[in-house]
Number of protein chains: 2
Amino acid sequence: MSLLAREGIDAVRVEPLAERLGVTKGSFYWHFKDRAALHAAMLEAWRGVATYEIIARLEAGGPSAEERLRRLIEPTASRGKAGRLETAIRSWAHNDAAAAKVVAGIDEERIAYVAQLLREMGIDPETALLRTKILYLALIGSFFAAQSDQLQAGPELWKEIMRLIK
Amino acid sequence: MSLLAREGIDAVRVEPLAERLGVTKGSFYWHFKDRAALHAAMLEAWRGVATYEIIARLEAGGPSAEERLRRLIEPTASRGKAGRLETAIRSWAHNDAAAAKVVAGIDEERIAYVAQLLREMGIDPETALLRTKILYLALIGSFFAAQSDQLQAGPELWKEIMRLIK
DNA sequence: ACCTGAACACCGTTCAAGT
DNA sequence: ACCTGAACACCGTTCAAGT
């Protein structure tokens, strides 16, 4: 998984992996049918933690809906270990239907959760869903936008989003 | 370039390319130093059209700033040929510093252009820049978000963004 | 100026054989 | 139950040789 996060799915190869573990590459095929099967297993592993992880981060923000929201958009989101992994998987999803499906599931769960927060803040359901999508799209965008000074998604940016949304 | 758009940079390989062109793979090395040099040339080709292309699309929207803005966020943006190519390059940029640099340059030019549109709409410069970034991040996000019904960035979504921004 | 053909290295995959 | 070793295919790269 750390290899995926650092260098993308195409770097997750059988021979380098085997070498790193001090075994021959032949032994890999005892554990997995082939390289694709390893990739599929990694996808499942990520599915298992991705939703849980982001919701846990929000709930650590305390009981108020607004405070939780602020956690979602902490600018560390795209930089940390989890952020690197998530962008790697989204890049992967762009060329792989199985990965795309898992990402779609995660997106739906997260959006449902965040939309509920907005409803708790007194926004009507329809607008809450639209604004959740805006927020979420900007968040994903910040994962993929250039890490330049120009587009740096700094605190003022997220403050402005919050101001517009609530 | 169409191979890059359809299957990502890792599918842009010497041997399949040579076969497709009906020559031996050895001849490739007359035209390019190596595979990396081909990739670099592709990046330059994209740099040459990316800004021009998006600004041309906007200007086709007529003289009013607001009407131009609407063009930017036409939902076809992420689906068309250019959209596929752009997402492929952003995925690539995630694992490649050279690609990341070109993407950063493109982002800066586009943001400067769109921020100017917002200023023309009477928004003060600082807020215009912030809101341009929000709009732009959401746009990039829509390129990478799951193509599920749930997160479909439909017309109402962009209408809501316009409502919030102007 | 451009291409071929052969060689070598790297890695995915298979499989018979080992412990 | 897990691993090795050898074999083969695919592709990147080099280079001497051809036209």
Side-chain angles (χ1 to χ4, degrees), chain A residues 1-49 81 84-103, chain B residues 1-49 81 84-103:
Chain A
M1 296 299 268
S2 79
L3 198 57
L4 169 60
R6 269 183 297 114
E7 303 185 43
I9 193 61
D10 290 286
V12 179
R13 318 182 91 72
V14 176
E15 191 166 63
L17 232 42
E19 193 175 1
R20 193 146 140 176
L21 296 170
V23 292
T24 59
K25 57 186 173 170
S27 79
F28 171 86
Y29 293 87
W30 172 258
H31 301 278
F32 296 96
K33 187 186 166 292
D34 54 19
R35 192 175 167 236
L38 168 65
H39 290 176
M42 294 172 74
L43 217 42
E44 284 311 305
W46 183 71
R47 192 217 298 272
V49 298
K81 243 168 136 184
R84 292 282 305 171
L85 183 58
E86 171 146 352
T87 40
I89 288 173
R90 284 186 190 277
S91 292
W92 178 13
H94 198 250
N95 304 312
D96 183 287
K101 206 169 168 184
V102 171
V103 167
Chain B
M1 296 298 270
S2 78
L3 197 59
L4 169 60
R6 271 183 295 114
E7 303 185 44
I9 193 62
D10 290 287
V12 180
R13 317 183 92 72
V14 176
E15 191 166 64
L17 232 42
E19 193 174 3
R20 194 147 140 174
L21 296 170
V23 292
T24 60
K25 56 185 175 171
S27 79
F28 171 87
Y29 292 88
W30 172 259
H31 302 279
F32 295 97
K33 189 187 166 289
D34 54 19
R35 194 176 165 232
L38 169 64
H39 289 177
M42 295 173 74
L43 216 43
E44 284 312 305
W46 184 73
R47 193 219 298 269
V49 298
K81 243 166 134 187
R84 292 282 306 170
L85 183 58
E86 172 146 351
T87 39
I89 287 174
R90 284 186 191 279
S91 293
W92 178 12
H94 199 249
N95 304 312
D96 183 287
K101 205 168 170 187
V102 171
V103 167

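Labels below follow one simple rule: chain letters A, B, ... track the order of the sequence lines, proteins then strands, and each chain is numbered from 1.
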Residues B:Ala93 and B:Ala99: closest non-hydrogen pair is CA-CB, 3.6 Å
From C:dC2, D:dC2, D:dT4, pick the nucleotide closest to the side chain of A:Ser27? D:dT4
Given Watson-Crick or G-U pairs with both distances under 3.5 Å, what dot-bracket string fits DNA chain C, with | for other-strand pairs and [ ] for crossing? ||.|||||...|||||.||
Exercise: identify the closest heavy-atom pair between A:Ala41 and A:Phe32: CB-CE2, 3.9 Å
Result block: side-chain N/O donor-acceptor pairs under 3.5 angstrom for residues 11-27 of chain A, not counting sequence neighbours:
| unit_1 | atom_1 | unit_2 | atom_2 | d |
| --- | --- | --- | --- | --- |
| A:Arg13 | NH1 | A:Asp10 | O | 2.3 |
| A:Glu15 | OE2 | A:Lys25 | NZ | 3.1 |
| A:Ser27 | OG | A:Thr24 | O | 3.0 |

Identify the pairs formed between an N or O of the protein and an N or O of nucleotides 10-14 of chain D at a distance under 3.5 Å, and give each distance.
| unit_1 | atom_1 | unit_2 | atom_2 | d |
| --- | --- | --- | --- | --- |
| D:dC11 | OP2 | B:Glu15 | OE1 | 3.0 |
| D:dC11 | O5' | B:Glu15 | OE1 | 3.4 |
| D:dG12 | OP1 | B:Arg13 | NE | 3.4 |
| D:dG12 | OP1 | B:Val14 | N | 3.1 |
| D:dG12 | OP2 | B:Val14 | N | 2.9 |
| D:dG12 | OP2 | B:Glu15 | N | 2.5 |
| D:dG12 | N7 | B:Lys25 | NZ | 3.2 |
| D:dG12 | O6 | B:Lys25 | NZ | 3.2 |
| D:dT13 | OP2 | B:Tyr29 | OH | 2.9 |
| D:dT13 | OP2 | B:Arg35 | N | 2.9 |
| D:dT13 | O5' | B:Tyr29 | OH | 3.4 |

Could you tell me how far apart B:Trp30 (CH2) and C:dG5 (P) are, to the nearest whole angstrom? 18 Å
For A:Ala88 versus A:Leu4, what's the shortest heavy-atom pair and its separation? CB-O, 3.3 Å
Distance (rounded to the nearest 0.5 Å) between B:Leu3 CG and B:Leu85 CG: 11.5 Å
Between A:Tyr29 and A:Asp34 the two heavy atoms that sit nearest each other are CE2-CA, 3.7 Å
Would you kindly say whether B:Ser91 and A:His94 are connected by a side-chain donor-acceptor distance under 3.5 Å? no
Grab the NE2-P distance between A:His31 and D:dA1 for me, whole Å please. 12 Å
Taking the side chain as every heavy atom from C-beta outward, state whether B:Trp92 and B:Leu43 have any pair of such atoms under 4.5 Å apart. yes
